[in-house]
Structure formats: C-alpha cells, structure tokens
Chemist: 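Right, I'll just put the structure down here and ask away after.
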Amino acid sequence: MEDEAGRFLEQASLLPLGMTKVAVLLLFSTGMRPEEMLALRVGTFVPAEDGGDAQVRIVAAQRAGRVEGYTKSDSSMRTVPVDRYTASVVEAWIEEKRRALGEMGLVLRSSTPLLGEAGNPWGYNSFKKRWNAFVRKAGFAGTRPYALRHTFATINLARGENIKTVSVLLGHADASYTLDLYVGFIPATTRGLANRYVGRLAPGLAGAGGGRGEE
C-alpha cells in the first residue's frame, strides 16, 4: 500500500503547476472529499506561520455544480493540516492566479475559487476528465478520486495515528464510524501489554521466569 502511494505521489509531483496538480496533491495529503476540494476558496488556505503547519479550512462542498456551505454544527466543517510540499505548490498556484487575473484587469480575492477559471469554481466533470488523463498516464488507470481519501485514512491508521484525530480530519461525525470502516488497518495494541503493565510496576520482575509453585 505505502509503496503504491509513494509512487502515486511521485507522479503527482511531476505534473506542471496547474489545477490538476493542486487538486491531486490536496486530495492526497488531506483526505478531504473531492466535492470539498472543488469548493475551496483562496481564503480557506492558510500559509504556515512561526514554524507551524499550513492549513486548509473546509467549510463547504460542491454539489450538482453549486457550492453549499456547511453549518456550524456540521462535523464536516473542519481545519486540516497541509504538508510543506503541497503548501508550497498551493502558494505558487495562488500567485499564478493573481498574475493571470491581474492581466485580465481582475483582482484576486479571498472569495476567489482556489480551483477554477477566473471567478468560477472548477466543475466536477471537468476535473474528472483531467483526473482520468493523469491516472491513466501515471499507471493508475481506473483509480477514483475518492480512493485518495481511503489511502489517507488507512496509511495514517496503520502508522499508529490516533483514530479520533484521523476521524476529525476526515470529517466523520463519530470516531466509531471511522473505526467500523478501517478497523482492519489499525495495528494490534495488546501485544506486550501485560509485560509492560507488570514491568512498569516491578521492573525487577520484567523478563523473569516463574519459580516452582507449591506442590
């Protein structure tokens, strides 16, 4: 799984700066839903400051060509961290949008769609055509955009990341739902537990064999 994910990421990094590259990297690195990626605005991306992580605020989703905002009580509304490489690509893309809009006499605003032409958000069908072309050329033909969400979840959980944290980043309503979906990818945590428990209480007994009991 990780080898394939690494190869996919490497192919994504080779894409020229543009909407396809930004979209693929954001889906891969954050686990967000494709419809959430298409609803992002320039202002929902927050660059890193003081050594912290860059972040994306997920506040809406694009459905049937319309951007619908999440309610304040909706667990789908969340803030997710963005890795340094993806953040650098997003920042470069925002500057490219600023330049292109300026040439048209337009101003880049925080409400400008992150992905799209001028002031119009990128539609799913147009994105899917670019996606299909990319995965076919990269050797991953047939892979759906949503698969990157599952890749994000399974690899992070397999590496021991806290299930509650992963659940929040995915926008699930409850960690129990995440557990039901991905329980097979969570490492067993009982191995060695008994020895750790007794060993911390009585270090001298750790690793000691038992003596003969009463006969």
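None of these values were measured; they are calculated from a predicted model.
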Chemist: So which atom in Val89 and which in Leu17 form the shortest heavy-atom distance, rounded to 0.1 Å?
Modeler: O-CD1, 3.8 Å
Chemist: Report, as yes or no, whether the 6.0 Å neighbourhood of atom CD on Glu96 holds more than 12 heavy atoms from other residues, nucleotides or ligands.
Modeler: yes
Chemist: Search all heavy atoms of Pro145 against all heavy atoms of Lys128 and return the closest pair with its distance.
Modeler: CD-CE, 3.8 Å
Chemist: Hey, what do you get for CD (Glu4) to CD1 (Ile155), rounding to the nearest 0.5 Å?
Modeler: 10.5 Å
Chemist: Test Arg63 against every option in Glu68, Glu35, Glu36 by the salt bridge (charged side-chain N to carboxylate O under 4.0 Å, His left out) rule and name the one that passes.
Modeler: Glu68
Chemist: Please report the interatomic distance CZ(Phe28) to OG(Ser13), rounded to the nearest 0.5 Å.
Modeler: 10.5 Å
Chemist: Kindly give the heavy-atom pair with the smallest separation between Thr151 and Ala5, and that separation in Å.
Modeler: CG2-CB, 4.0 Å
Chemist: Would you check if the side chain of Arg78 reaches a backbone N or O of Leu169 as a donor-acceptor pair within less than 3.5 Å?
Modeler: yes
Chemist: What is the distance from atom CD of Glu117 to atom CG of Leu101, rounded to the nearest 0.5 Å?
Modeler: 10.0 Å
Chemist: Could you go step by step and tell me if Leu25 and Tyr85 meet the side-chain contact (heavy atoms from CB on, under 4.5 Å) rule?
Modeler: CA-CA 9 Å; Leu25 288 175; Tyr85 175 70; 3.7 Å; yes
Chemist: Looking at Ala175, is its backbone amide N or carbonyl O close enough to the side chain of Lys164 to form a donor-acceptor pair, meaning the two atoms are under 3.5 Å apart?
Modeler: no
Chemist: Is it true that Val67 and Trp122 fall in one hydrophobic cluster, defined by side-chain heavy atoms closer than 4.5 Å?
Modeler: no
Chemist: Check the hydrophobic clustering (I, L, V, M, F, W, Y; side-chain heavy atoms under 4.5 Å; chains of links allowed) and say if Leu148 and Val168 are grouped together.
Modeler: no
Chemist: Side chain of Lys21, backbone of Leu15: donor and acceptor closer than 3.5 Å?
Modeler: yes
Chemist: When hydrophobic residues are tied together by side-chain contacts of less than 4.5 Å, even through go-betweens, does Met104 share a cluster with Ile94?
Modeler: yes
Chemist: Nearest 0.5 angstrom please: Ser76 OG to Arg33 CZ, how far?
Modeler: 4.0 Å
Chemist: As a quick check of understanding, evaluate side-chain contact (heavy atoms from CB on, under 4.5 Å) for Val56 and Val46, giving each step before the final call.
Modeler: CA-CA 6 Å; Val56 169; Val46 183; over 6 Å; no
Chemist: Please determine whether salt bridge (charged side-chain N to carboxylate O under 4.0 Å, His left out) holds for the pair Glu10 and Arg7, giving the CA-CA distance in whole Å, both sets of side-chain angles, and the decisive distance to 0.1 Å.
Modeler: CA-CA 5 Å; Glu10 183 176 350; Arg7 189 165 68 85; over 6 Å; no
Chemist: Sub-3.5 Å donor-acceptor pair from the side chain of Lys97 to the main-chain atoms of Gly116, do we have one?
Modeler: yes
Chemist: Once you round to the nearest 0.5 Å, how far does NE2 of His172 lie from CG of Asp180?
Modeler: 10.5 Å
Chemist: Between Tyr182 and Tyr146, is there shared hydrophobic-cluster membership here, with clusters defined by ILVMFWY side-chain heavy atoms closer than 4.5 Å?
Modeler: no
Chemist: Could you measure the distance from the NZ atom of Lys129 to the CG atom of Asn132? Nearest 0.5 Å is fine.
Modeler: 10.0 Å
Chemist: Donor-acceptor pair, distance only, cut-off 3.5 Å: does the side chain of Ser167 make one with the backbone of Ile163?
Modeler: no
Chemist: Just by distance, do the side chain of Thr44 and the backbone of Leu40 share a donor-acceptor pair under 3.5 Å?
Modeler: no
Chemist: Run the numbers on Arg130 and Thr20 for side chain to side chain donor-acceptor pair (under 3.5 Å), then give the verdict.
Modeler: CA-CA 6 Å; Arg130 297 267 197 96; Thr20 303; 3.2 Å; yes
Chemist: Describe, in one word, how the ring planes of Phe127 and Trp131 are oriented to each other, choosing from parallel (under 30°), tilted (30 to 60°) and perpendicular (over 60°).
Modeler: tilted
Chemist: Less than 6.0 angstrom separating the ring centers of Phe140 and Phe8, yes or no?
Modeler: yes
Chemist: So, for Val82 and Ser29, which heavy atoms are closest and what is the spacing to 0.1 Å?
Modeler: CG1-OG, 4.5 Å
Chemist: Before you tell me yes or no, could you show the steps for Arg159 and Glu2 under side-chain contact (heavy atoms from CB on, under 4.5 Å), namely the whole-Å CA-CA distance, both residues' side-chain angles and the distance that decides it to 0.1 Å?
Modeler: CA-CA 10 Å; Arg159 287 180 170 181; Glu2 291 203 20; 2.8 Å; yes
Chemist: Taking all non-hydrogen atoms of both residues, which atom of Ala54 and which atom of Ala87 are closest, and how far apart?
Modeler: CB-CB, 3.6 Å
Chemist: For the CG atom on Asp3, are there more than 12 heavy atoms of other groups (residues, nucleotides or ligands in this structure) within a distance under 6.0 Å?
Modeler: no
Chemist: Run Met37 and Leu115 through side-chain contact (heavy atoms from CB on, under 4.5 Å) and show every step you take.
Modeler: CA-CA 8 Å; Met37 175 270 295; Leu115 297 166; 3.2 Å; yes
Chemist: Keeping Arg149 on the side-chain end and Leu170 on the backbone end, is there a donor-acceptor pair under 3.5 Å?
Modeler: yes
Chemist: Judged by atom type as modelled, is there a donor-acceptor pair below 3.5 Å linking the side chain of Glu103 to the main-chain atoms of Ala100?
Modeler: no
Chemist: Taking atom types as modelled, is there a side-chain donor on Thr86 or Asp83 under 3.5 Å from an acceptor on the other?
Modeler: yes
Chemist: Should Leu114 and Leu106 be regarded as members of a common hydrophobic cluster, given that ILVMFWY residues are connected when their side-chain heavy atoms come within less than 4.5 Å of each other, either directly or indirectly?
Modeler: yes
Chemist: Taking all heavy atoms of Glu161 and all of Val166, pick out the closest pair and write down the distance.
Modeler: CB-CG2, 4.0 Å
Chemist: Can you tell me if Asn156 uses its side chain to pair, donor with acceptor, with the backbone of Phe152 under 3.5 Å?
Modeler: yes
